[in-house]
Amino acid sequence: MQAVKKLEIIVDSLRLKQVIRALEEGGIKGYTIIDDIRGKGERGIQDGGSFMEALENSYLITTCPPEALEQIIIKLRPLLEEGGGVCFVSDAMWLMD
Amino acid sequence: MQAVKKLEIIVDSLRLKQVIRALEEGGIKGYTIIDDIRGKGERGIQDGGSFMEALENSYLITTCPPEALEQIIIKLRPLLEEGGGVCFVSDAMWLMD
Amino acid sequence: MQAVKKLEIIVDSLRLKQVIRALEEGGIKGYTIIDDIRGKGERGIQDGGSFMEALENSYLITTCPPEALEQIIIKLRPLLEEGGGVCFVSDAMWLMD
Amino acid sequence: MPIDFLIENLSKTPAILFFILGFVASLLNSDLKIPPAFSKFLSIYLLLSIGFHGGVELSKNHFSFHILFTFLAAILLSVIITLYVFLIAKQKNKKEDAIAIAASYGSVSVVTFIATLSYLKSLGEDFHGYMIAVMAVIELPAILMGVLLARKINKDSKNQKNKMPWLEVFSNSSIILIIGSLLIGWITSSAGEEALKPFTQDIFKGMLCLFLLEMGILVAERLSALTKAGFSLYSLAFILPIINASIGIFLSKLLELNKGDALIFTVLAASASYVAVPAAMRIAVPRANIGLSVSLSLGITFPFNIIFGIPLYFYLINLFWK
Amino acid sequence: MPIDFLIENLSKTPAILFFILGFVASLLNSDLKIPPAFSKFLSIYLLLSIGFHGGVELSKNHFSFHILFTFLAAILLSVIITLYVFLIAKQKNKKEDAIAIAASYGSVSVVTFIATLSYLKSLGEDFHGYMIAVMAVIELPAILMGVLLARKINKDSKNQKNKMPWLEVFSNSSIILIIGSLLIGWITSSAGEEALKPFTQDIFKGMLCLFLLEMGILVAERLSALTKAGFSLYSLAFILPIINASIGIFLSKLLELNKGDALIFTVLAASASYVAVPAAMRIAVPRANIGLSVSLSLGITFPFNIIFGIPLYFYLINLFWK
Amino acid sequence: MPIDFLIENLSKTPAILFFILGFVASLLNSDLKIPPAFSKFLSIYLLLSIGFHGGVELSKNHFSFHILFTFLAAILLSVIITLYVFLIAKQKNKKEDAIAIAASYGSVSVVTFIATLSYLKSLGEDFHGYMIAVMAVIELPAILMGVLLARKINKDSKNQKNKMPWLEVFSNSSIILIIGSLLIGWITSSAGEEALKPFTQDIFKGMLCLFLLEMGILVAERLSALTKAGFSLYSLAFILPIINASIGIFLSKLLELNKGDALIFTVLAASASYVAVPAAMRIAVPRANIGLSVSLSLGITFPFNIIFGIPLYFYLINLFWK
Ligand SMILES: Nc1ncnc2c1ncn2[C@@H]1O[C@H](COP(=O)(O)O)[C@@H](O)[C@H]1O
Ligand SMILES: Nc1ncnc2c1ncn2[C@@H]1O[C@H](COP(=O)(O)O)[C@@H](O)[C@H]1O
Ligand SMILES: Nc1ncnc2c1ncn2[C@@H]1O[C@H](COP(=O)(O)O)[C@@H](O)[C@H]1O
Ligand code: NA
Ligand code: NA
Ligand code: NA
């Protein structure tokens, strides 16, 4: 097993493509996406019955080597600052190596 | 980045509103919800093809400052004791500040 | 609260049953499943508009006592080696005891 | 002989064959599954269509004391069944579980009800439209009894920290939907019927096939979950529909219902809820093992009724109504 | 008197009663909810059906300058409304929020539009098929104005780090779907119409009922979210449809539209978008609080229009067209 | 000339235009997407409807040796294609990937098949109902060959730690659904057909439009994923349908099929599976890159067939059948 940093990102579904682009620029190769989720944050309730895409969130999980984290955050932070959304970083072990 | 406690709560969908109420009483401002998931626990398999709401789970993710955790748990625990469901607490870093 | 190991497993939906079988052989009693999610990994993009099941992932969350982890990994690893998929392990606290 | 009824029933109704297909697929360990969002939609569709249809039919019937008596008898029946099943079930189960089981058998399975209507139609047998309205209101008394029993238990055990969330218990989505659609059908009457016919009637049988396909899968899953429950519980799920059907036939005779209405009334008695009541009990009796009551009502009683029960009950009614 | 129109409107159209059912269910704290995947499908279905229908109708009309003028007037109307609403809304809101609100009111609510068509049909009132095409293109100018306003604001605040993603703004799914379906209807014309009729027309009213059920739930949720906004915003959402309807009626008179077309034109003006425009603004003005604009357009203006507005506007049109 | 066929094909069938719409939307980077739960439902609907239809048709045909020979020829064809494609594909690919590709081309694309039927209907060309049943069983031999090849590879590499999960491979949801529906159609025959007609037939074309819209989006996504594969793979996906169609036409001539049946038989040969076979191979050959085989069969062969192939093959058949 191998130590990695796990990132969990929750953003507007409509801005997910931009986030993926930023992550890939930061060197991310793998990720998992859960679409069409709801939530509440600083910008109020996001719950559009899903046909109002503007009120829908997506949840993205990805991992990176600890030393790559800073580079990724540099790419990611301006996006979240501009358009809202959250990101949690935590420690995990990656099973396969 | 800022240290936070991350809570992951899995409960019957029908009792989710009560959980949110408890969390908000405990001071929670933001959360994310994934609806309509299934699982297995002490009370057996929860998988109702989703039209049997009584057999459907929801997954709620939220974060709080480490010092606020205790207050939230006080609100949350009786609900889970009464009606089942689980909660995991872990450490994470919150990207935006 | 009680210290546990949290496992997050992302595999092809079609192989989920095998994973659950392996986990249960390893002693797991409870888990949560989010179906029908997408992602990208070593084997390329998994996103089949969901009617192509072969291109669909599932996300499984489970916990175990720290001392049980090794036994579970022994069961799990060959499955992921053979058919792809990822597993992250992290530390968490279990609220109810 | 009932066996002819049975084969007729099977070879003419695709819906029941799709139920069997789902069941077999699940036994074969197939990955066949209606996506959850879609099976929830199907369930909404069925409730809306049947409720709306019932409302339209009700708007066409003039009020009569006969109709009123049928309603009252159905409510009484529901209360009696809930109570006696509770007394039996609590012998070998936790009281909370007994409440969930009792309320489920006191109520009705909407899909069994629908299967009954199409069985009658396929035989060209008459029935009154207001029977659909009877079915729509019959969910309520069983839930009410469940809540009252729950309060009694809590009082006994002085375990009354949380107030009963009455509103949430009764504003359960299935109940709102069927009663709301009933009202809308009643208000819009034939104008509404004409507007919605292609949706609520023409494609109804097809939608039902898909729903029963999913039901077949779920029944098989429930049955394999049942293996851990005891033998007495299994047999209960076979015996209750037969006893309740007998009460239903007896009451129907007393009420002088025609044969079609009698079968419907009997099925109201014999079937058990696995949607509305478990959802209500999940809130009213949170400590109950809801999965157990669903395993009985959905895993055994439901397939028993739609495959054997309906033709059998109608065979009996034909005997007694001669 | 409008009150008769209103009662007629309600008692004959199940769709609006289902809207009210959803609304009431939500107030009763019910768990009733159309599964998200399904409500997204319903929205796709409605856009596809209405766009396709508009295209087929357009293919049956010969080009005329009268049609062209109607298109141009609608575009002009949309631009004017977006601009004046922006000027009003920016008084008490962030500029970004004002843009989102303005573009929403400059555009149109497809469901309000559909409700208008079925209102006209239920009255047996004529209208031209190309009005559907007018509606389909009217989403674009408001979005364009929104984007131009956003660029101006950014220039003023020298806050121009990211380029405007033009393509993404206009390739919004609702826009692609309605305009694409319009083209397909136009190309396949009556052959296509015949092939798709059972799907796009026969079950349309039923699908609309389900969608309005969900809308009722969402409106109730939006209203309770509104409680935190100020009074001036509330009143805006009531006043804007009335002002815009007046402009619409005035322009319709100038264009010498018949009564049916006039009502449609008026509703284009009076209604506000809560799907396509918010999605486009989410990308064009990421810092805006989109929830706010949706609360106004969906929470207040939408129910106001479908319950009171449509019969009221038509009452006025009947007065003026005499 | 085929070009006329092509334009006819396009301007009359909304379904193919919706496919193009989805494709274009994806190229424009639009967020248009059928919700996954709904596209899975659409796929279930199509399989159920076509299987059921095939069963009903089969029940109307008397058994004949001609039918039997057609079945056997189709199975033989499938086996031959799987084997020769494997031999070609393994030259430049991993053996596991070659198996997945070969089994996919040995099987059939249900949607291409459906497009063929509606093409024939639009031309008023006759075909036999049992050809649908031929299609329904043709998925099996290719999967079986895939499994046998996989076992051989494993034996060669002594890599046989896990037993082949036979049941799971063949109880794949698409296979269960199409064969189950075929049986149900066969049992319930015209009674069943009448009951389900509004659902399985009337709204079929509309549902197909929605499904093809989603297919267009997925094809565009697959094509952009292809850019990383080599040139030889690309060309394979163009050449295989042409070779296989030629074999299909040749065999059809030998079997003395009528023109309609010949086109269907040819399309069985020319099309490749991207649902059932990849799902089966995912289990039988877990180390294979399933995405690759789907990119070829769905990304290239599928659009090639439904836009150019079908009219082209029919043009050739018309030449040879004179
Ligand atoms: N504390 C939190 N914990 C979990 N999810 C959150 C939290 N805050 C915000 N979110 C999610 O992030 C989305 C965007 O947040 P915001 O930009 O703050 O409105 C919300 O709709 C939630 O789904
Ligand atoms: N160890 C576990 N890991 C992850 N999820 C669990 C675990 N135990 C229970 N759950 C989830 O929590 C739900 C309720 O659990 P319970 O109240 O124990 O029946 C289950 O249906 C699962 O979805
Ligand atoms: N680094 C990662 N972070 C999160 N999810 C991943 C990661 N790598 C792979 N996955 C998920 O695991 C699935 C299978 O991965 P693979 O077997 O590498 O193709 C992918 O489709 C993703 O959903
Ligand atoms: Na009952
Ligand atoms: Na407007
Ligand atoms: Na083939």
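Throughout, protein chains are lettered first and strands after them, A, B, ... in sequence-line order, and every chain is numbered starting at 1. Being a predicted model, the structure only gives us computed values, none of them experimental.
Only the side chain of I10(A) comes within contact range of chain B, judged by heavy atoms closer than 4.5 Å. Heavy-atom distances place the side chain of E8(A), and not its backbone, under 4.5 Å from chain B. Contact annotation for D91(B): only backbone heavy atoms (N, CA, C, O) come within less than 4.5 Å of a heavy atom of chain A.
The environment of CD in E25(B) is crowded: more than 12 heavy-atom neighbours from other residues, nucleotides or ligands sit within 6.0 Å.
Using a cut-off of 4.0 Å between Lys/Arg side-chain N and Asp/Glu carboxylate O, R15(B) and E82(B) are scored as salt-bridged. Using a 4.0 Å cut-off between a side-chain N of Lys or Arg and a carboxylate O of Asp or Glu, E24(B) and K40(A) qualify as a salt bridge.
For the pair L16(B)/D12(B), no side-chain contact is recorded, criterion being any heavy-atom separation below 4.5 Å from C-beta on. Taking the side chain as every heavy atom from C-beta outward, L95(B) and R77(A) approach each other to under 4.5 Å. Side-chain contact between V89(A) and M1(B): present, with at least one pair of heavy atoms (C-beta onward) separated by less than 4.5 Å.
Interatomic distance, M93(B) CE to S90(A) OG, rounded to the nearest 0.5 Å: 10.5 Å.
A distance-only check finds a donor-acceptor pair linking the side chain of R43(A) to the backbone of G83(A) [under 3.5 Å].
Looking only at heavy-atom pairs under 4.5 Å with chain B, the residue among D36(A), I9(A), V86(A), I37(A) that has the most is I37(A).
Listed in order of number, the residues of residues 55-72 of chain B that approach chain A to under 4.5 Å between heavy atoms are I61(B), T63(B).
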